[in-house]
Amino acid sequence: MKYLKWCLLLIIPCFLNGCTNYTELNELGVIESMGIEKQNDQFLISVNMISSNGQNEQEQQLRQSYMASGPTILEATQNLYLKSSKKVYLSHLENLLISEEVARYNLDDVITFFINNPKSRNTFTIILTKDISPFDIIQKTLKNPRLNDLIAINSKEYGVSANISFEDFASWLLEEGMDGVMPTIKLENEQLEVDGYAFFQDNHLQAYLTKEEAVIYNMLKNITSNVTFSSSCDQEVLPITLQDINTTYKSKKNNINIQLNANIMIIEKHNCTLSNNDIISLLNKQLKTDINNLLNLQKENNSDILGMVSLIRENNYSYYKQNKDNLLNNINYDININLTYQDTSSIRKEA
Amino acid sequence: MKQKIGMYQIIIITFFLTRGLLLLSTTPYLINISKNDALFSIIVGSILGLIPVSIYIKINKKQPNDNLFDIIKKRFPPFFSYLLFLLLIIGIVIFGGFFLSQITLFIYNIYLDKTSLFIISLTFLLLCYFLAKQGLSTIARSCEIFFMIFIILFFFQLCGLIPLFDQAKVKPFLTGNWYNCIKGSTFYALMSTLPLFFLTMIPNNQRQNNIKSSKIIFIGYLLSCCTVFLEFLLMFGTIGINLASYYNYPQMAILKKISYFHFIERLEGVLAINYLLDAVSVLALLLFTCQKSITTICFKKSHKFLYGLCLFIIFILGSHLSLELNNLLFPLLIVFIGIPLLILIQLYVTKDKKNN
């Protein structure tokens with residue numbers, strides 16, 4: 001019996017040391033970007049794979065793209081092994097690119113694949129490729145792969161787009177009375193360009209927000225705190241920067257109060273003769289119109305991208321339950337905009 | 001002289017036993033039953049769970065120096081007592097098999113996806129067997145160490161998840177129907193208290209200075225329910241109830257999101273050790289109960305063989321058969337709550353036998 005104990009003690013560590021699960025670093029293909037598109041009822045999976053070539057003394061990082069197809073996303077991913085000698089490692093996935101067709105008809109398949117995959121982290125950014133296949137973008141980003149940085153810097157400095165994680169997007173789609181948006185990217189003059197958002201209705205791609213609408217969306221969702229846009233004053237263009245944007249909501253039955261606070265800055269020299277208060281009221285009017293346009297777009301497409309129905313559901317469930325049919329079209333909005341002028345003239349004078 | 005277990009050790013054992021089944025095996029079930037009312041179900045379930053806990057405490061109070069099997073042997077006629085023994089051992093073995101299968105699948109999915117289920121369940125069972133074989137005091141001391149690790153990891157878990165919490169994802173409350181809410185509460189109460197059955201195997205004479213257990217068991221139980229509630233609250237507030245219901249392990253989905261100062265990330269494997277600590281405590285006490293039950297009912301020569309047989313069945317059930325909780329719930333309810341209730345009634349109805 002004593003020998004049996006010692007035998008067990010010697011055998012068990014062999015199984016516990018993780019040797020059976022061991023993968024050499026140069027056997028691993030870290031997927032940085034993944035593209036999903038559909039052609040002739042087949043899913044096409046394209047990946048941007050980083051692998052290290054340990055043959056030389058100095059290990060080199062290689063970035064290669066692969067493409068495989070299959071009737072399901074899982075099979076297409078497995079078929080990558082027909083071309084790649086590396087283990088497909090999804091844990092470091094940074095962005096997922098999906099084509100318009102997949103966004104329109106197969107979003108459920110994408111969500112199911114990643115949620116059921118225990119090795120996937122689901123914090124990666126999801127991006128829709130507009131008028132270009134994900135594979136082409138993956139080829140384009142082989143040399144300059146920081147696609148997320150492109151969107152992130154845009155979100156911070158301009159406010160047209162923002163990185164939206166797969167999990168947040170899935171959570172929006174699964175939530176009752178809520179629809180999601182996804183950043184889009186397109187090819188313009190052989191260069192990748194951020195192009196606002198695509199928006200969804202019942203897990204299907206519905207339409208696109210223009211850059212101007214995307215800026216308003218980001219302001220209303222508190223995604224960005226700094227946007228730049230132009231207004232017209234004395235028949236001239238007046239460049240305006242809004243800073244410290246903060247939007248709050250209050251709901252009472254089907255009445256929603258939207259309160260937007262921001263600081264205005266006009267950095268560039270202009271010939272506008274209006275006083276500061278007049279500029280504020282002009283901008284107030286313009287922003288109200290833009291916000292109303294976005295809210296009307298929601299109604300027309302029956303897609304609650306701003307989560308207004310969801311807000312009523314959270315705050316007054318009994319009202320929501322009684323009136324949930326066509327509730328989005330019956331919401332009354334009260335928009336209040338509080339803009340504070342931030343004088344930069346002294347800075348300009350010094351400059 | 002055998003070492004006795006102290007007050008804090010009983011609180012800690014109760015704490016781990018209560019959490020054992022809840023977070024690994026039953027989270028998706030609870031969310032699917034109660035949907036948005038899952039948090040309310042946890043609160044009501046924690047209160048309902050006090051009923052089975054009271055049954056176990058009353059049994060200990062009525063017959064303080066005996067474990068449950070000794071009480072059956074002394075209080076019931078031979079045929080009836082052997083029938084109860086058989087039912088209890090079958091229940092314990094099936095519970096063990098189910099629990100082992102759940103923890104094996106968890107380890108397989110999270111840590112060792114290339115290792116066979118056979119190897120995982122074997123090594124895990126042997127670890128718990130080793131603890132159980134050392135006796136109750138060793139299990140209690142191990143639980144004490146586990147608790148310290150638990151507190152540290154839980155603190156880091158809270159620090160990482162609180163910034164991600166969004167109260168809008170938890171709302172609205174009480175939106176489902178009452179039937180589902182009550183069903184969820186009952187389910188929670190059963191899942192949190194079934195493993196507490198093993199407390200009936202710790203008679204008062206094994207506790208330091210014959211500690212009055214009722215108060216400290218309630219403290220351990222409620223403390224554990226608080227941590228479970230907090231974990232569910234953070235889970236719903238981080239990924240939302242609907243998304244949580246899609247995951248097999250929603251706890252892992254939230255742990256993957258934790259990031260400290262935007263550069264300390266990917267700690268889910270370390271933070272999930274808490275769930276393994278819960279599992280080791282439950283399985284070690286289950287094997288200890290199994291061992292005690294066999295030594296109580298069998299002749300000394302044969303008990304080792306029967307204990308080995310039980311371990312083998314647990315191992316086979318755990319590594320090879322996928323046991324569904326839906327099918328097991330009723331038999332487990334009969335064994336772990338029905339039989340103790342019967343014993344308690346018997347203790348109240350009959351007078352103490354002489355020379356017991």
Side-chain angles (χ1 to χ4, degrees), chain A residues 1 4-5 7-9 11-23 87 89 91-92 108 111-124 165-178 180 222 249 251 307 310-321 324, chain B residues 35-37 105-116 118-127 129-130 133 164 166-177 236-250 252-259 265-266 268-269 272 304:
Chain A
M1 195 62 192
L4 185 70
K5 274 182 196 171
C7 285
L8 278 173
L9 274 173
I11 293 166
I12 291 168
C14 298
F15 296 117
L16 288 176
N17 62 13
C19 281
T20 47
N21 244 26
Y22 182 63
T23 310
K87 186 191 172 186
Y89 190 65
S91 181
H92 282 266
D108 289 336
I111 291 172
T112 311
F113 172 76
F114 283 101
I115 284 180
N116 289 336
N117 189 338
K119 292 292 158 195
S120 164
R121 291 180 67 80
N122 299 347
T123 48
F124 52 84
S165 78
F166 171 81
E167 211 155 62
D168 286 341
F169 179 74
S171 163
W172 283 339
L173 293 194
L174 295 173
E175 198 175 318
E176 202 181 324
M178 179 100 184
N222 288 320
Y249 300 88
S251 77
S310 182
L311 186 74
I312 294 173
R313 184 173 162 268
E314 280 161 20
N315 295 335
N316 195 342
Y317 186 76
S318 56
Y319 180 82
Y320 164 81
K321 208 175 169 184
K324 65 179 171 184
Chain B
K35 295 269 166 21
N36 278 38
D37 299 332
L105 280 174
F106 177 76
I107 296 171
Y108 176 80
N109 281 317
I110 306 302
Y111 298 102
L112 303 166
D113 63 337
K114 276 186 180 173
T115 311
S116 76
F118 172 84
I119 298 292
I120 299 170
S121 53
L122 179 69
T123 45
F124 201 80
L125 193 67
L126 282 172
L127 164 73
Y129 169 74
F130 178 75
K133 207 168 175 298
L164 304 173
D166 177 8
Q167 50 115 3
K169 287 184 177 169
V170 184
K171 288 200 284 186
F173 305 108
L174 299 174
T175 55
N177 61 44
F236 293 160
T238 309
I239 58 171
I241 294 161
N242 293 307
L243 189 60
S245 68
Y246 272 71
Y247 280 110
N248 285 332
Y249 300 109
M252 291 309 294
I254 57 164
L255 294 183
K256 281 178 182 176
K257 289 173 87 94
I258 290 178
S259 162
E265 291 174 337
R266 297 175 185 270
E268 67 271 12
K304 277 185 180 174

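Every chain is numbered from 1 and lettered A, B, ... according to where its sequence line falls, protein lines coming before strand lines.
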Measuring from [X]:[atom1] to [Y]:[atom2], what's the distance to the nearest 0.5 Å?
X         : Y         : atom1 : atom2 : result
Thr123(A) : Ile258(B) : OG1   : CD1   : 12.5 Å
Leu174(A) : Ile241(B) : CG    : CD1   : 12.5 Å
Glu167(A) : Ile254(B) : CD    : CD1   : 10.0 Å
Tyr317(A) : Asn36(B)  : OH    : CG    : 7.0 Å
Asn116(A) : Asn248(B) : CG    : CG    : 6.5 Å

| request: Could you tell me which non-hydrogen atom of Lys119(A) sits nearest to which non-hydrogen atom of Ile110(B), and how far apart they are? | output: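 Nearest pair, atom of Lys119(A) first, then Ile110(B): NZ-O, 3.7 Å.
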| said: Just by distance, no angles: are the side chains of Tyr247(B) and Asn122(A) close enough, under 3.5 Å, to form a donor-acceptor pair? | reply: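 Yes, because at least one side-chain N or O of Tyr247(B) sits under 3.5 Å from a partner of the opposite role on Asn122(A).
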| query | Which one, Lys256(B), Lys171(B), Lys169(B), leads in non-hydrogen pairs under 4.5 Å with chain A? | reply |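 Heavy-atom pairs under 4.5 Å are most numerous for Lys256(B).
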| field | Max heavy-atom pair count under 4.5 Å with chain A, selected residue of Val170(B), Ile239(B), Ile120(B), Asn242(B) | value |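 Maximum pair count with chain A is reached by Asn242(B).
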Counting only non-hydrogen atoms closer than 4.5 Å, does [X] touch chain A with its backbone (N, CA, C, O), its side chain (CB onward), both, or neither?
X         : result
Leu127(B) : neither
Ala253(B) : both
Asn109(B) : both

| Taking atom CZ of Phe113(A) as the centre, does the number of heavy atoms from other residues, nucleotides or ligands within less than 6.0 Å exceed 12? |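 Enclosed: over 12 neighbouring heavy atoms sit under 6.0 Å from CZ of Phe113(A).
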| said: Just checking Tyr319(A): does its OH atom have more than 12 heavy atoms from other residues, nucleotides or ligands closer to it than 6.0 angstrom? | reply: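 Atom OH in Tyr319(A) is crowded, with more than 12 foreign heavy atoms closer than 6.0 Å.
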| said: Taking the basic N atoms (NZ, or NE/NH1/NH2) and the acidic carboxylate oxygens, is any pair closer than 4.0 Å for Glu268(B) and Arg121(A)? | reply: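 Counted as a salt bridge, because a side-chain N and a carboxylate O are separated by less than 4.0 Å.
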| message | Does any part of the side chain of Arg266(B), heavy atoms only, come nearer than 4.5 Å to the side chain of His92(A), both counted from C-beta? | response |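 Result yes, sub-4.5 Å side-chain heavy-atom pair found.
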| query | Where does Ser310(A) contact chain B at under 4.5 Å (heavy atoms): side chain, backbone, both or neither? | reply |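 It is neither, since no heavy atom gets under 4.5 Å.
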| message | Report which part of Asn316(A) has an atom under 4.5 Å of a heavy atom belonging to chain B: side chain, backbone, both, or neither. | response |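 Neither; nothing under 4.5 Å.
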